[in-house]
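Counting begins at 1 with the first residue of the sequence. Everything numeric here is computed off the predicted structure, so don't read it as measured data.
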Amino acid sequence: MDQPTVLALRALKLGDLLVAVPALRGLRQGLPDHRLIVACAEWLRPLIDLIGVVDELLPTPHGLDAPLGLRPGSVDVAVNLHGNGIDSRSRLEALRPRRRIGHAAPGWDGPAWRDDIHERERWVRLLNAHGLPGDPLDLRLPIPEADIPKKAAVVHVGAAHASRHWPVDRFARVVEDLLASGHRVLLTGDKKERERAQRVAAEVSGSQPEIVAGRLSLLEFCAVIAHAEIVVSADTGAAHLASAFGRPSVVIFGPASPVNWGPPPGPHRVLTDAAVRRGDAFAKDPDPALLAVEVVQVLGAINELLEDS
């Protein structure tokens, strides 16, 4: 008899996958006899392997712009961990699953969508409403092995959109302070963010940080974060990795609210100013809530975390 399958759709980015880890583990626990397939970007495969509960990755090279690559009728349970819009629902409906797990919508039973809860809680709450287990704090990942620098201060200078770009000169002042205090500093980011990392380094006086932006595989990047002494980042995948590995982190929030995307309890500090938040994730300039965070606040948070570690 063929093994039943459960397909979870999360065709988004690194941080989005990380906040869905508790739900994926809830699916594994609640449907232990099913083959668990996650539909997401192929480049996230190393992270899928780290999560440890997924049987198969279904690549989504075009996001929701193309049908999911499974035969209609081949999925027993379809789980919408992507959102609650018509695009994600229709892609799953096209598979003609025997059971649908999602938020309340035409053709879907489930809890009403709420904007005022954390993403980790959102997806676990969804499972719970459908009679499945899940713990929103079950987010930790095992430490990957890789030949990378260890015990470094990681300053992640990039972000997918300009709305989360803390100014280069402020990053440079933070880097200078860390170097002056004797820390090894790594500037991280993807290939597109390497130029930004170089701009930060160019503004640093004296000793220089190491620019590894654009030079690390995803697994190496995960290992760098897992072994970091401290992580300084905007609200990006790097910050979510610091939470997943329990590493001290200072997270600067701009358009997104920490209520929805903030780190769990632990050695993490959130800096933002909600009173001036514009909230436009796709803006071409930094959100005022991000710009309200000054260098002295970041340095204070770093020192506090390092003293406690």
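Within a 6.0 Å radius of CZ in Arg278, other residues, nucleotides and ligands contribute more than 12 heavy atoms. The neighbour count for Ile86 CD1, taken as heavy atoms of other residues, nucleotides or ligands under 6.0 Å away, does not exceed 12. Other residues, nucleotides and ligands place more than 12 heavy atoms under 6.0 Å from the CG atom of Asn303. More than 12 heavy atoms of other residues, nucleotides or ligands shown are found within 6.0 angstrom of CG on Asp308. Counted within 6.0 Å of NZ on Lys192, heavy atoms from surrounding residues, nucleotides or ligands total 12 or fewer; the atom is thus considered open.
Rounded to the nearest 0.5 angstrom, Arg269 CZ and Ser249 OG are separated by 9.0 Å. Going from atom CZ of Arg199 over to atom CG of Leu187 covers 12.5 Å, rounded to the nearest 0.5 Å. Atoms CG and CG, on Leu299 and Asp177 in that order, are 4.5 Å from each other to the nearest 0.5 Å. With values rounded to the nearest 0.5 angstrom, Leu36 atom CG is found 10.0 Å from Glu56 atom CD. With values rounded to the nearest 0.5 angstrom, Arg91 atom CZ is found 7.5 Å from Asp65 atom CG. In this structure, Leu126 CG and Glu121 CD are separated by 13.5 Å, a value rounded to the nearest 0.5 Å.
Not a single donor-acceptor pair under 3.5 Å links the side chain of Glu176 to the backbone N or O of Arg173. For Arg25 (side chain) and Val53 (main-chain N/O), no donor-acceptor pair under 3.5 Å exists by modelled atom type. A donor-acceptor distance shorter than 3.5 angstrom exists from the side chain of Asp287 to the backbone of Gly279, with no hydrogens or angles considered. Between the side chain of Arg164 and the main chain of Ile252, no donor-acceptor pair closer than 3.5 Å is present. Of the possible donor and acceptor atoms, one in the side chain of Asn128 sits under 3.5 Å from a partner among the backbone N and O of Leu132. Of the possible donor and acceptor atoms, none in the side chain of Arg96 sits under 3.5 Å from a partner among the backbone N and O of Gly73. Between the Thr236 side chain and the Ala238 main chain, a donor and an acceptor come within less than 3.5 Å of each other. In this structure a side-chain-to-backbone donor-acceptor pair under 3.5 Å is missing from Asp273 to Ala289. Counting only distance, with no hydrogens or angles, the side chain of Asn84 and the backbone of Ala104 share a donor-acceptor pair below 3.5 Å. The backbone N or O of Ala283 sits nowhere less than 3.5 Å from a side-chain atom of His161 that would complete a donor-acceptor pair.
Seen from the ring of Trp261, Arg120 does not count as a face-on cation partner, given the 6.0 Å and 45° thresholds.
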Pair Arg89-Arg100, side chain to side chain contact (heavy atoms under 4.5 Å, CB included): steps then yes or no: CA-CA 10 Å; Arg89 297 199 313 269; Arg100 301 175 182 179; over 6 Å; no
Check the pair Leu47 / Leu14 against side chain to side chain contact (heavy atoms under 4.5 Å, CB included), numbers first and verdict last. CA-CA 8 Å; Leu47 188 58; Leu14 175 62; 3.2 Å; yes
The test is side chain to side chain contact (heavy atoms under 4.5 Å, CB included); show your working for Arg170 and Glu294 and say whether it passes. CA-CA 8 Å; Arg170 299 190 202 182; Glu294 299 291 346; 4.2 Å; yes
Test Glu220 against Arg215 for side chain to side chain contact (heavy atoms under 4.5 Å, CB included), laying out the working first. CA-CA 9 Å; Glu220 289 170 334; Arg215 298 288 176 83; over 6 Å; no
Determine, step by step, whether Arg196 and Glu193 satisfy the salt bridge (Lys or Arg N to Asp or Glu O under 4.0 Å) criterion, reporting the C-alpha distance in whole Å, the side-chain angles of both residues, the deciding distance to 0.1 Å, and the verdict. CA-CA 5 Å; Arg196 182 170 167 82; Glu193 295 159 351; over 6 Å; no
Please evaluate residues Asp116 and Arg114 with respect to the criterion salt bridge (Lys or Arg N to Asp or Glu O under 4.0 Å), reporting the C-alpha separation (whole Å), side-chain torsions for both, the decisive distance (0.1 Å), and the verdict. CA-CA 6 Å; Asp116 61 341; Arg114 287 177 53 185; 2.9 Å; yes
Please report the C-alpha distance between Glu119 and Arg10 in whole Å, then the side-chain angles of each, then the deciding distance to 0.1 Å, and finally whether the salt bridge (Lys or Arg N to Asp or Glu O under 4.0 Å) criterion is met. CA-CA 12 Å; Glu119 283 289 294; Arg10 190 70 171 168; 3.4 Å; yes
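Taking the six-membered ring for Trp, His82 and Trp123 have ring centres at least 6.0 Å apart. The aromatic ring centres of His240 and Phe245 sit 6.0 Å or more apart.
Cluster membership check: Val19 does not share its hydrophobic cluster with Leu139, using side-chain heavy-atom separations under 4.5 Å among Ile, Leu, Val, Met, Phe, Trp and Tyr. In the hydrophobic cluster analysis, where Ile, Leu, Val, Met, Phe, Trp and Tyr join through side-chain heavy atoms closer than 4.5 angstrom, Ile51 is grouped together with Leu31. Following chains of ILVMFWY side-chain contacts shorter than 4.5 Å, one cannot reach Val21 starting from Leu12, and the two form parts of different hydrophobic clusters. Using a 4.5 Å cut-off between side-chain heavy atoms of Ile, Leu, Val, Met, Phe, Trp and Tyr, with links allowed through other members, Val293 and Val157 fall into the same hydrophobic cluster. Follow the hydrophobic side-chain contacts under 4.5 Å out from Leu305 and you reach Leu179 in the same cluster.
Remark: the Thr272 side chain and the Arg277 side chain contain an N/O donor-acceptor pair separated by less than 3.5 Å. A donor atom on one side chain and an acceptor atom on the other are found under 3.5 Å apart for Ser88 and Asn80. No side-chain donor-acceptor contact under 3.5 Å links Gln3 and His34.
Pairing each heavy atom of His130 with each of Arg99, the nearest pair is O-NH2, 2.9 Å. Closest approach of Gly246 and Pro267 over heavy atoms only: O-CG, 3.7 Å.
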